[in-house]
Structure formats: structure tokens, C-alpha cells
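Given the structure is predicted, the values throughout are model-derived calculations rather than measurements. Computed over heavy atoms, backbone and side chain alike; hydrogens, waters and symmetry mates excluded. Just so we're on the same page: letters track the sequence lines, and every chain starts at 1.
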Amino acid sequence: GAVVSQHPSRVICKSGTSVKIECRSLDFQATTMFWYRQFPKQSLMLMATSNEGSKATYEQGVEKDKFLINHASLTLSTLTVTSAHPEDSSFYICSAPTGYTDTQYFGPGTRLTVL
Amino acid sequence: AQSVTQLGSHVSVSEGALVLLRCNYSSSVPPYLFWYVQYPNQGLQLLLKYTTGATLVKGINGFEAEFKKSETSFHLTKPSAHMSDAAEYFCAVSNDYKLSFGAGTTVTVRA
């Protein structure tokens, strides 16, 4: 299947700093990517849709100024958590559809810990 | 709006026994349905999917699921559990590529 990578896999930062997470589609182009967050022992919640060449669309309740999304190219989307706080600590996962199917391929996730 | 409900947050089975994970969906349009598996601290891996056509779908690792429109269900089964099947399983429904996930079912396998 298609491969999606994320970097870093794990990051620890101090409260108030910003953290950037990259999501790459390695063997296909993705005009759309999705960002999810997952709290321990819980399901995935869609945060936003990343659109190449246009603004991201955010789900209700997600602060767009706090979670900045940039879809820089057809293979790269970045999520920047600005002014991170301990409550932002979570597992962040991206996904991308391959285009002609409805199948999402997921990245391995990024564990963010804010101290 | 589309949604899925997974019945049972935790399932424990003996090695070699049947694995049955239940998923019911709600959708105003013909659904695209998925089962994903997640191992600790990893992303999601697609087990199988239903879009159109045959209602019995076979996936990886010996799993299969049957789409039953009359019951609005998409239950996942595996005839014989293996220790490596211990993981978190998510049922999901797709709406224009956006996935709505169920709460997940944790599977433990007893030796």
C-alpha cells in the first residue's frame, strides 16, 4: 500500500514553544491530507483538512490560530502547534487518500509531550 | 451525518478462538466502511474496506467483514485468533474522504 511518513515520531517541548510536525506522502501525490489527534485510550478525532494550494479547513472547536497547517507541496503537509501547553500533549496522526480510491493511508503518528 | 458505533470497548479471546468485533453505522448515503488496526504508539493500518459490490470483504491477516445493509452493520471476524492480533481496532465510515471513527475495541488474546 501507499506510504505516509511523519516526522518527528516523538517530541518533548516546554510550555509556550511551537512545534512543527511534518507529514509526507512518499510514493504518491496528495492534494488533500488530514490531521487527527488521539488522546490516550481514545479514538481519533479529525482536526482539519489540509489542502494543497489553499487554506486548511478546520473542524468545529479546533483553533486555527493554534494549529497552523501548511500544505507546501503535493507530498508535504505540516502542522505547527503554536504556544503549546500541556493540554496539547497528544498523539497526532496524519493521513492521505491516494486519489482514486476512498482509502486513507496513515502516518505512524507523532507523540507530543508539552512540559 | 455519518457515524459508527462499536459495541464493546474490550474483547478478550483465547488463542485459536473466533474473534468478533461489532460495528454499526449510520449514514444517509451508501456508506464506505473501513476497519483499521492500531498497535501501541503506531499509526493505523487498513485491514479491509467496503465500498460497493460484494458484501463479504476479505482483508489482511485473515480478517473479514460483512456489510449488512438491513442491519446497518459491518462486523469484523477472524476464525482463529493469534497472539499478534492483540491491538486496538477501529471501525470507520467515510464521507468525502473524511473518516469518522468508532470509539475503538481493544483485543487481548489469552494463551
Side-chain angles (χ1 to χ4, degrees), chain A residues 1-11 21 23-26 30-52 56-60 62 77 90-113, chain B residues 1-11 21 23 25 27 29-53 57 59-61 65 67 74 86-108:
Chain A
V3 179
V4 175
S5 70
Q6 279 185 245
H7 178 79
S9 58
R10 185 181 296 268
V11 57
I21 303 170
C23 176
R24 293 182 185 272
S25 56
L26 297 185
T31 57
T32 301
M33 292 183 176
F34 299 92
W35 287 96
Y36 297 83
R37 68 185 299 180
Q38 183 181 32
F39 291 106
K41 305 295 185 183
Q42 295 188 27
S43 189
L44 282 76
M45 297 298 295
L46 179 65
M47 298 175 63
T49 303
S50 176
N51 304 298
E52 192 270 337
T57 54
Y58 291 81
E59 296 301 304
Q60 190 173 9
V62 177
S77 174
S90 189
F91 195 52
Y92 292 88
I93 306 175
C94 69
S95 72
T98 56
Y100 54 88
T101 72
D102 215 284
T103 302
Q104 298 280 341
Y105 289 93
F106 285 80
T110 297
R111 173 75 60 194
L112 171 63
T113 303
Chain B
Q2 296 173 294
S3 64
V4 294
T5 301
Q6 290 182 242
L7 301 176
S9 60
H10 188 221
V11 169
L21 305 182
C23 173
Y25 71 89
S27 177
V29 297
Y32 285 5
L33 295 161
F34 303 81
W35 275 101
Y36 285 90
V37 61
Q38 184 181 34
Y39 297 98
N41 295 308
Q42 295 187 27
L44 274 68
Q45 181 181 9
L46 178 68
L47 281 176
L48 48 79
K49 65 178 179 180
Y50 169 79
T51 54
T52 59
V57 181
I60 63 171
N61 302 339
F67 171 66
F74 190 57
E88 188 81 13
Y89 292 79
F90 293 99
C91 181
V93 61
S94 176
N95 177 18
D96 196 20
Y97 291 115
K98 292 185 179 181
L99 288 171
S100 296
F101 288 91
T105 299
T106 302
V107 172
T108 57

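- Checked against side-chain contact (heavy atoms from CB on, under 4.5 Å), B:S9 has no partners two or more places apart in sequence or in another chain.
- Of the atoms belonging to A:S95, not a single heavy atom falls under 4.5 Å from chain B.
- Within the 4.5 angstrom heavy-atom criterion, only side-chain atoms of B:L46, from C-beta onward, approach chain A.
- Between A:H7 and A:I21, every side-chain heavy-atom pair lies at or beyond the 4.5 Å cut-off.
- Contact annotation: the side chain of A:F91 never approaches that of A:T110 to less than 4.5 Å [non-hydrogen atoms, C-beta and beyond].
- Residues of residues 30-41 of chain A lying within less than 4.5 angstrom of chain B, judged on heavy atoms, are A:F34, A:Y36, A:Q38 in numerical order.
- For A:S5, the side-chain contact (heavy atoms from CB on, under 4.5 Å) partners at least two apart in sequence or on another chain are A:R24, A:L26.
- Heavy atoms of A:L44 lying under 4.5 Å from chain B belong to its backbone as well as its side chain.
- Residue B:Q45 does not touch chain A at all, counting heavy-atom pairs closer than 4.5 Å.
- Between B:Y25 and B:Y32, the distance separating the two ring centers is not shorter than 6.0 angstrom.
- Under the 4.5 Å side-chain criterion, counting only non-hydrogen atoms from C-beta, B:Q38 is in contact with A:I93.
- Residues B:L99 and A:F106 come closest through the heavy atom pair CD1-CZ, 3.7 Å.
- Not counting sequence neighbours, the partners of B:V57 by the side-chain contact (heavy atoms from CB on, under 4.5 Å) test are B:L48, B:Y50.
- B:F90 touches chain A through its side chain: at least one heavy atom from C-beta onward sits under 4.5 Å away, while N, CA, C and O do not.
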